[in-house]
Amino acid sequence: MSTETPSPIERGDQRGDFIREIVAADLREGRREGIVTRFPPEPNGYLHIGHAKSICLNFGIAGEFGGRCHLRFDDTNPMKEEQEYIDAIEADLRWLGFDWGEHLYYASDYFEQLYDWAVDLIKAGKAYVDDLSADEIREHRGTFTEAGRESPWRGRPAEESLDLFARMRAGEFPDGARVLRARIDMAAPNINLRDPVLYRILHAEHPRTGGAWCVYPTYDFAHGQSDAIEGITHSICTLEFEAHRPLYDWLIDNLPVPSRPHQYEFARLNLTHTVLSKRVLLRLVNEGHVRGWDDPRMPTMSGLRRRGFPAEGIRDFVAMVGVAKTDSVVETGMLEHAVRNVLNRTASRRFAVLDPLKVVVENYPEGQSEEMEVPNNPEDQSAGSRKVPFSRELWIERDDFMEEPVRKFFRLAPGREVRLRSAYFVTCTDVVKDADGRVVELRCTYDPETRGGDAPDGRRPKATLHWVSAAHAVPAEVRLYDYLFREAYPGADGRDLFDDLNPDSETVVAGALAEASLADVPAGETVQFERLGYFCPDPDSAPGALVFNRTLTLRDTWAKLQAQGRQDKA
RNA sequence: UGGCGAGUGGCCUAAUUGGCAAGGCACCUGACUCUGGAUCAGGGGAUUGAAGGUUCGAGUCCUUCCUCGCCAGCCA
């Protein structure tokens, strides 16, 4: 495994979570000589940020304790799984910064071994072929309060089950005709122990084994045994598998497996203002609420990537959230903090005006222009600087001007002087309006003595604005993103999940004007539009038709003040 | 209803296993600033789900109760 920057935990700055403590103790007390973990996705959908928690946990532990982490596709249900997902999952994993070396496995690699073990179980009288239908099996299973009833086939001789199981594999029976069940205890308080199904008949094309099989092991029969085959020491999964652990252990105990893995469960990640359910995400895509699986509003890895979130920020976020057994919902603000933290350090600064207002600098010579030296990142001198053209006609942000400035508004207003970042101080001398009274242009004068942004007399404007030269700017479409759901807990209190969708989750700004160098930002790179936020080129972007996604806004004290003002009035 | 699991400031997570409840996010204030960003300094906010009990001392141990989550797929 490899990460660009060690997480706080990897650096040892942070105490480990309960799983890391177990791992450390197992090593310290000699129960284990080495650590092997695995990330076991089912290739039936795309990875999302919830998976990132599991990925960072499994690969993180392996890295910290000198072990290794396998990537194993849990491909036991050919009805749902596709090669497309396998490829996407691998790509997302690599992007997140992890590497499994040669340890790429598939549960389907073990189908032959799994089948042999099932035969062993039958011979030992610990499994039997059941002819009951799915409905009948459910009826026999009982309820939480009543014990189940034994299937009439439970006492079937091993030889007969053996013969039937072989014929199931040979394809003699249709889907659902029979199953192989473990013989455990139909009265067990844990329903997972009431003779769970181990194999079912599925005449389906498997993405890897094709038509070689028509019986497939269930999750319960495949997972632990796959762990044992690979020598997994700590099989880490989410809380909903807790009730399966007794069955996991029963199978390991009753099969001649080569190693003894243990299962540990932690609470899955939940985030406010979004939803991490493959089912719901699929609906969002299919019903056209988003642009696709990689829509910048989606919590999928591909969505976060398209949104401009750096992998490092996601890893930091996961480290920040921690690992425990308490069901919890993390505020999305924490993710945003982690992302801003990385971007502030790494993102190159640029100028772009989203809602342009024309400024004419009256005392600046017509037809003249000059190159202003602008730092690429004040947080990082090594990022260097660039030249940005300045001229008589400029665009500034409409929000940066107020004809009648309210209290605490520091920006441009009639008669007021502000600094144009890395350029000159300008003073607004006149306001030009159209027939409707809308401000369409500002007339200003500049002070030639302030070239570069400093005044010889030491005077300091209260505001610094970003700007672009009208003659040199390039047009761009900018897509502004906000929470996908307006409610922190979508669908809570009986509401319909889809009624909680945020109608303003995407705002397309067609007429933005950007510094020309923005045409050269490579895909996958996120830059800062000074004073506005972080933005990245969208895959829809093309030469001459630039499209940027807003990753996140900057923290904005003024916007907060305004929002509070609005609240006070309301 | 049976089984299993979990309850610590608004959110997430700690507490050297019985010794002054700590940190991050969020929030507020101030300093600084060529991004109203960043940074720095400070602040408010917790009868640790409840009630009993053991103890010099309980978030931690015991009892009872409450709340929430998961489990009755031939999904994972």
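Per chain, numbering begins at 1; letters A, B, ... match sequence-line order. Every value quoted in this text rests on a predicted model; they were computed, and no experiment measured them. Below, all heavy atoms of this structure are taken into account, side chains as well, without hydrogens, waters or symmetry copies.
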Using a cut-off of strictly less than 4.0 Å, decide whether [X] has a side-chain nitrogen or oxygen near OP1 or OP2 of [N].
X: A/K560; N: B/C27; result: yes
X: A/H337; N: B/C25; result: yes
X: A/R460; N: B/U33; result: yes
X: A/R555; N: B/A38; result: yes

- Determine, answering yes or no, if A/Y219 is stacked on B/A76 under the 5.5 Å centre rule and the 30° plane rule. no

- May I ask whether A/F144 stacks on the base of B/C71, given the cut-offs of 5.5 Å between ring centres and 30° between planes? yes

- Checking N1-N3 plus N6-O4 or O6-N4 for Watson-Crick, or N1-O2 and O6-N3 for wobble, each under 3.5 Å, the partner of B/G19 is B/C56

- Message: For B/C65, give the paired nucleotide (Watson-Crick: N1-N3 plus N6-O4 or O6-N4; G-U: N1-O2 and O6-N3; both under 3.5 Å), or none.
- Response: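 B/G49 - that is the nucleotide pairing with B/C65, both distances being under 3.5 Å.
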
What is the separation between atom [atom1] on [X] and atom [atom2] on [N], rounded to the nearest whole Å?
X: A/N344; N: B/G36; atom1: CG; atom2: C1'; value: 15 Å
X: A/R419; N: B/U33; atom1: CZ; atom2: P; value: 11 Å
X: A/L198; N: B/G73; atom1: CG; atom2: P; value: 17 Å

Any base atoms under 4.0 Å from [X], or only sugar-phosphate, or nothing? Heavy atoms, all strands.
X: A/Q528; result: base
X: A/H244; result: base
X: A/F529; result: nothing
X: A/E42; result: sugar-phosphate
X: A/P41; result: nothing

- Query: Does the side chain of A/Y534 reach to within under 4.5 Å of the side chain of A/N344, using non-hydrogen atoms?
  - Reply: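 Yes; the side chains approach each other to less than 4.5 Å.
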
- Item | Carboxylate-amine/guanidinium proximity below 4.0 Å for A/D380 and A/R345 | no

- Message: Need the glycosidic conformation of B/U17: syn if within 90° of 0, anti if not. Which one?
- Response: syn

- Assigned chi class of B/G37 under the 90° convention is anti

- What are the two closest heavy atoms between A/T526 and A/G308, and how far apart are they?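 Scanning both residues, the minimum pair turns out to be OG1-O, 2.8 Å.
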
